[in-house]
Number of protein chains: 2
Amino acid sequence: MLTNTQNLRSDAALASALRVSLARLTRRMRKQAAHHSLTPTQLATLVAVERHTAMTPGELAEHEKVQPPSMTRVIAKLEARGLLERAPHPTDRRQVTVSVTPQGAALLKEERRTKEAWLAQRLRDLTPEERAALRAAAPILEKLSTM
Amino acid sequence: MLTNTQNLRSDAALASALRVSLARLTRRMRKQAAHHSLTPTQLATLVAVERHTAMTPGELAEHEKVQPPSMTRVIAKLEARGLLERAPHPTDRRQVTVSVTPQGAALLKEERRTKEAWLAQRLRDLTPEERAALRAAAPILEKLSTM
DNA sequence: CATGAGTCATTACCTTTGCTAACTATATGT
DNA sequence: ACATATAGTTAGCAAAGGTAATGACTCATG
């Protein structure tokens with residue numbers, strides 16, 4: 001357990017401490033929401049489709065770094081579970097567009113809610129000063145995550 | 001992009017912001033170190049064995065939430081790559097113990113080094129104030145990750 | 001001590017998920 | 001009109017996970 005700012009003077013030491021804590025924290029968060037029995041790729045696909053409103057299989061394959069035939073199967077699975085639906089592409093008969101169903105959106109919402117409830121619960125056990133420090137750090141972590 | 005502490009007054013809002021940023025940040029860190037072509041389970045197994053010094057296949061299976069036959073295979077793979085080695089159990093002839101080879105330890109060290117170097121590089125692009133805020137938050141994130 | 005039950009790792013078989021090769025349908029350029 | 005490119009899908013293969021079964025070992029009991 002680190003003492004407040006002790007041993008964190010260098011970027012390397014801070015990076016090391018953050019790497020360990022963040023990995024552990026996100027691993028634990030992931031475990032809170034693993035009831036849907038979707039594979040990581042399936043879940044990520046659902047998230048991507050929701051974020052973009054609609055995507056083609058090719059776009060999704062590239063987005064998730066899998067080959068198109070694999071993505072065809074992922075989409076088929078999610079469609080079979082009623083989480084995604086296919087439609088003809090508006091302008092290109094070779095393509096299809098994929099969008100999230102209300103059921104799929106609900107699953108994602110529940111996933112997010114579960115993780116955030118778990119984290120919020122832990123935040124409540126912190127002191128007000130600790131919470132304030134995290135509030136100050138949150139936008140910086142956000143910045144780091146998009147750099 | 002969040003403005004400093006704006007909209008983070010509630011635990012729920014802070015949890016939501018942290019969930020997104022931390023997931024993204026750790027995802028990106030993972031991508032930096034994916035040259036070893038180990039599966040997530042193989043890597044996690046290697047990490048677990050190193051941390052515990054020696055473990056049995058049954059312990060590892062439970063630790064990584066896979067069934068024993070699957071873990072037998074993971075161990076065989078890692079052993080074939082010279083990253084783990086098996087030995088007879090000191091007191092129970094049914095069991096074997098698994099430990100990390102110097103090569104396995106070196107691979108993990110390199111993995112950690114790569115991730116931390118990536119993160120440290122990004123830390124260097126922050127302002128001193130931003131870095132200070134992360135330094136203040138680091139022990140709290142550590143605390144959160146073990147609660 | 002012998003026997004039965006329990007424990008442990010492993011093998012065999014099956015399913016799922018990823019890849020590559022090949023194919024069909026459609027779109028585009030000449 | 002024809003050749004080329006694009007998009008999604010199917011088929012076959014490999015890898016990783018599960019379940020069922022097996023053999024060896026350990027422990028408890030009579």
Side-chain angles (χ1 to χ4, degrees), chain A residues 27 30-31 34-49 52-100 104 107, chain B residues 27 30-31 34-49 52-100 104 107:
Chain A
R27 189 186 318 132
R30 262 198 307 274
K31 279 186 178 170
H35 324 299
H36 44 58
S37 62
L38 294 178
T39 66
T41 305
Q42 288 168 350
L43 183 63
T45 297
L46 205 49
V47 171
V49 174
H52 293 84
T53 305
M55 294 176 86
T56 66
E59 287 169 341
L60 280 165
E62 180 165 350
H63 192 269
E64 299 306 322
K65 309 297 184 209
V66 298
Q67 300 301 308
S70 306
M71 184 49 73
T72 297
R73 218 159 1 199
V74 168
I75 292 165
K77 273 277 192 180
L78 292 172
E79 188 184 29
R81 281 187 61 166
L83 304 177
L84 287 186
E85 59 193 356
R86 289 184 228 239
H89 194 276
T91 59
D92 185 342
R93 306 252 313 233
R94 296 171 301 182
Q95 306 200 37
V96 301
T97 65
V98 181
S99 53
V100 173
L107 184 144
Chain B
R27 192 186 316 131
R30 260 198 306 273
K31 280 187 180 172
H35 323 300
H36 44 58
S37 62
L38 295 178
T39 67
T41 305
Q42 289 168 351
L43 184 62
T45 298
L46 207 48
V47 171
V49 174
H52 293 83
T53 305
M55 294 176 86
T56 66
E59 287 169 342
L60 281 165
E62 180 166 350
H63 193 270
E64 298 306 321
K65 309 294 186 219
V66 298
Q67 298 303 306
S70 306
M71 184 49 72
T72 299
R73 233 171 338 224
V74 167
I75 291 165
K77 273 279 197 196
L78 293 172
E79 188 184 28
R81 282 188 59 166
L83 304 177
L84 287 187
E85 58 193 0
R86 291 184 227 235
H89 194 276
T91 59
D92 185 341
R93 303 239 326 218
R94 296 170 300 182
Q95 305 199 39
V96 300
T97 65
V98 180
S99 52
V100 174
L107 182 145

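Hydrogens, waters and symmetry mates play no part in the numbers below; they use all other heavy atoms, side chains included.
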Nearest 0.5 Å please: distance from the CG atom of A:Leu43 over to the CG atom of A:Leu83. 10.0 Å
Flag if over 12 foreign heavy atoms under 6.0 Å of CZ, A:Arg93: no
In residues 74-81 of chain B, what residues come within less than 4.0 Å of DNA chain C, judged by heavy atoms? none
For the residue pair A:Thr53 and A:Ser99, what are the closest heavy atoms and their distance? O-CB, 3.5 Å
Could you identify which residues of residues 62-70 of chain B place a heavy atom less than 4.0 Å from some atom of DNA chain C, listed by residue number, or say none? B:Pro68, B:Pro69
Rounded distance (nearest 0.5 Å) linking atom CD of A:Gln67 with atom OG1 of A:Thr72: 11.0 Å
Could you go step by step and tell me if A:Thr97 and A:His89 meet the side-chain contact (heavy atoms from CB on, under 4.5 Å) rule? CA-CA 5 Å; A:Thr97 65; A:His89 194 276; 3.5 Å; yes
Does C:dT10 have OP1 or OP2 sitting under 4.0 Å from an N or O in the side chain of B:Arg86? yes
Find the distance between NZ (B:Lys31) and NZ (A:Lys65) and round it off to the nearest 0.5 Å. 6.0 Å
C:dA9 C1' sits how many Å from B:Glu59 CD, rounded? 13 Å
For the residue pair B:Val66 and B:Met71, what are the closest heavy atoms and their distance? CG2-CE, 3.9 Å
Pairs: protein N or O with nucleotides 24-30 of chain C N or O, under 3.5 Å:
{"unit_1": "C:dA27", "atom_1": "OP1", "unit_2": "A:Arg93", "atom_2": "N", "d": "2.8"}

Quick check for you: name the first and last nucleotides of DNA chain D, 5' to 3', having an atom under 4.0 Å from a heavy atom of chain B. D:dA16 to D:dT26
Where is the tightest heavy-atom contact between A:Gly104 and A:Leu46, given as atom of each residue plus distance? O-CD2, 4.2 Å
Would you check if the side chain of B:His63 reaches a backbone N or O of B:Glu59 as a donor-acceptor pair within less than 3.5 Å? no
Under 4.0 Å, heavy atom to any atom of DNA chain D: which of residues 39-49 of chain B qualify? B:Thr39, B:Thr41, B:Gln42
Expressed as a whole number of angstroms, how long is the span from A:Arg73:CZ to C:dT20:C1'? 12 Å
Decide side-chain contact (heavy atoms from CB on, under 4.5 Å) for A:Leu84 and A:Val100; before the verdict, give the C-alpha distance in whole Å, the side-chain angles of both, and the deciding distance to 0.1 Å. CA-CA 5 Å; A:Leu84 287 186; A:Val100 173; 3.9 Å; yes
Side-chain N or O of B:Thr72 less than 4.0 angstrom from OP1 or OP2 on C:dT11? no
Qualifying residues under side chain to side chain contact (heavy atoms under 4.5 Å, CB included), relative to A:Gln42, sequence neighbours excluded: A:Leu38, A:Thr39, A:Val74, A:Lys77, A:Leu78
What distance do B:Ile75 atom CD1 and B:Thr56 atom OG1 have between them, rounded to the nearest 0.5 Å? 8.0 Å
Minimum-distance pair of heavy atoms, taken over all atoms of A:Ala44 and A:Glu64: CB-OE1, 3.2 Å
